[in-house]
Amino acid sequence: MDTKGEVAGLLLAAGGGRRLGGRPKALLPYEGHPLVEHAVRVLRDGGCGPVHVVLGAAADEVVAAADLSGCVVVRNPRWEEGMGSSLRAGLASLAAAGPAPAAALIGLVDQPGVGAAAVARVLAAAGGGEALVSALAAAVYDGRRGHPVLIGGARWAGVAGSAAGDRGARAYLREHAEQTVLVECGDIGDPADIDTPADLRLLRPAEDRPEPGGGAPSAPGATKR
């Protein structure tokens with residue numbers, strides 16, 4: 001889907017990897033590069049226009065080690081407070097952009113199994129044009145909501161106001177469940193995130209991991225609830 005810059009990618013990549021022994025997640029190696037590079041590429045390949053990357057832990061090291069050319073780097077000094085603070089920082093950066101995009105597509109750096117196909121499917125389900133400004137859409141995996149999440153610009157203030165701790169947009173989406181388009185992506189993505197040393201297996205090359213659902217992407221499946 002060609003969004004022509006209508007939808008910006010917002011990558012939350014500030015985590016310090018406390019349960020990984022203090023290894024910042026953005027710097028984990030993935031296919032020969034820092035994981036944050038892969039996550040940026042997923043957003044771009046999926047159809048996002050500009051990409052804003054929120055960094056926190058070891059931000060200077062990430063900037064030095066990773067190729068983030070063309071990205072807007074947002075430093076979140078309050079990253080230790082949790083995902084909510086990074087989401088607020090990222091949305092503030094997008095709102096200050098001129099002109100601000102119509103919507104933001106939010107991805108997490110520690111989910112290498114969520115690829116460009118899931119991003120494209122959520123974007124397609126959200127529609128385009130003026131509808132994007134008030135859109136709400138979220139990927140679900142076997143019926144369980146996850147990322148990426150698309151949030152129209154008219155909703156950013158409300159999302160930021162409810163984002164606290166590690167909840168991110170969860171509270172806002174729950175309160176607006178009837179307006180949220182749910183997009184099944186279980187056949188094309190794996191939402192497992194990297195939190196513990198055992199999860200580092202997710203960093204194996206893509207060709208060594210089984211394909212979720214065992215099939216090619218189907219037509220976008222969107223439902224509301």
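Throughout, residue positions are numbered sequentially from 1 according to the sequence presented.
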Residue pair Leu200, Leu203: steps toward the side-chain contact (heavy atoms from CB on, under 4.5 Å) verdict | CA-CA 6 Å; Leu200 294 174; Leu203 296 172; 3.7 Å; yes
Answer yes or no: is there an ion pair linking Asp199 with Lys25, defined by an N-O contact shorter than 4.0 Å?
-> no
So CG of Leu91 and OG of Ser86: to nearest 0.5 Å the spacing works out to 10.5 Å
Test Asp67 against Arg41 for salt bridge (charged side-chain N to carboxylate O under 4.0 Å, His left out), laying out the working first.
-> CA-CA 11 Å; Asp67 180 4; Arg41 186 168 61 252; over 6 Å; no
When rounded to the nearest 0.5 angstrom, what distance separates CG in Leu108 from CD1 in Ile194?
-> 11.0 Å
Does Glu178 use its side chain to pair, donor to acceptor, with the backbone of Thr180 at less than 3.5 Å?
-> no
Yes or no on side-chain contact (heavy atoms from CB on, under 4.5 Å) for Arg75 and Val54, after CA distance, side-chain angles and deciding distance?
-> CA-CA 6 Å; Arg75 295 173 185 258; Val54 182; over 6 Å; no
Does one hydrophobic cluster hold both Val42 and Leu123, with members joined at side-chain heavy-atom distances below 4.5 Å?
-> yes
Does Gly152 offer a backbone N or O that forms a donor-acceptor pair with the side chain of Arg155 under 3.5 Å?
-> no
Any chance you could measure Leu11, atom CG, to His38, atom NE2, to the nearest 0.5 Å?
-> 10.0 Å
Look at the side chain of Arg44 and the backbone N and O of Val51, then say whether any donor-acceptor pair between them is shorter than 3.5 Å.
-> no
Should Leu173 and Leu150 be regarded as members of a common hydrophobic cluster, given that ILVMFWY residues are connected when their side-chain heavy atoms come within less than 4.5 Å of each other, either directly or indirectly?
-> no
If only atom types and distance count, is the side chain of Tyr172 paired as donor or acceptor with the main-chain N or O of Gly161 below 3.5 Å?
-> no
hydrophobic_cluster_shared for Val109 and Val122, side chain cutoff 4.5 Å = yes
Check the pair Asp190 / Val114 against side-chain contact (heavy atoms from CB on, under 4.5 Å), numbers first and verdict last.
-> CA-CA 6 Å; Asp190 178 0; Val114 176; over 6 Å; no
Are Val73 and Leu10 joined in one hydrophobic group, where the rule is that I, L, V, M, F, W and Y side chains link up if heavy atoms are under 4.5 Å apart?
-> no
Nearest atoms (heavy-atom pairs only) where Ala58 meets Pro24 = CB-CG, 3.7 Å
Does any N or O in the side chain of Trp79 come within less than 3.5 Å of the main-chain N or O of Gly16, such that one atom is a donor and the other an acceptor?
-> no
One should read off an interatomic distance between Arg170 CZ and Ser162 OG, to the nearest 0.5 angstrom, of 11.0 Å
Side chain of Glu6, backbone of Leu132: donor and acceptor closer than 3.5 Å?
-> no
State the CH2-CG distance between Trp156 and Leu94, to the nearest 0.5 angstrom.
-> 4.5 Å
Does any N or O in the side chain of Arg88 come within less than 3.5 Å of the main-chain N or O of Ala163, such that one atom is a donor and the other an acceptor?
-> yes
Go through the steps to decide whether Val181 and Leu136 satisfy the test side-chain contact (heavy atoms from CB on, under 4.5 Å), and finish with yes or no.
-> CA-CA 6 Å; Val181 178; Leu136 275 179; over 6 Å; no
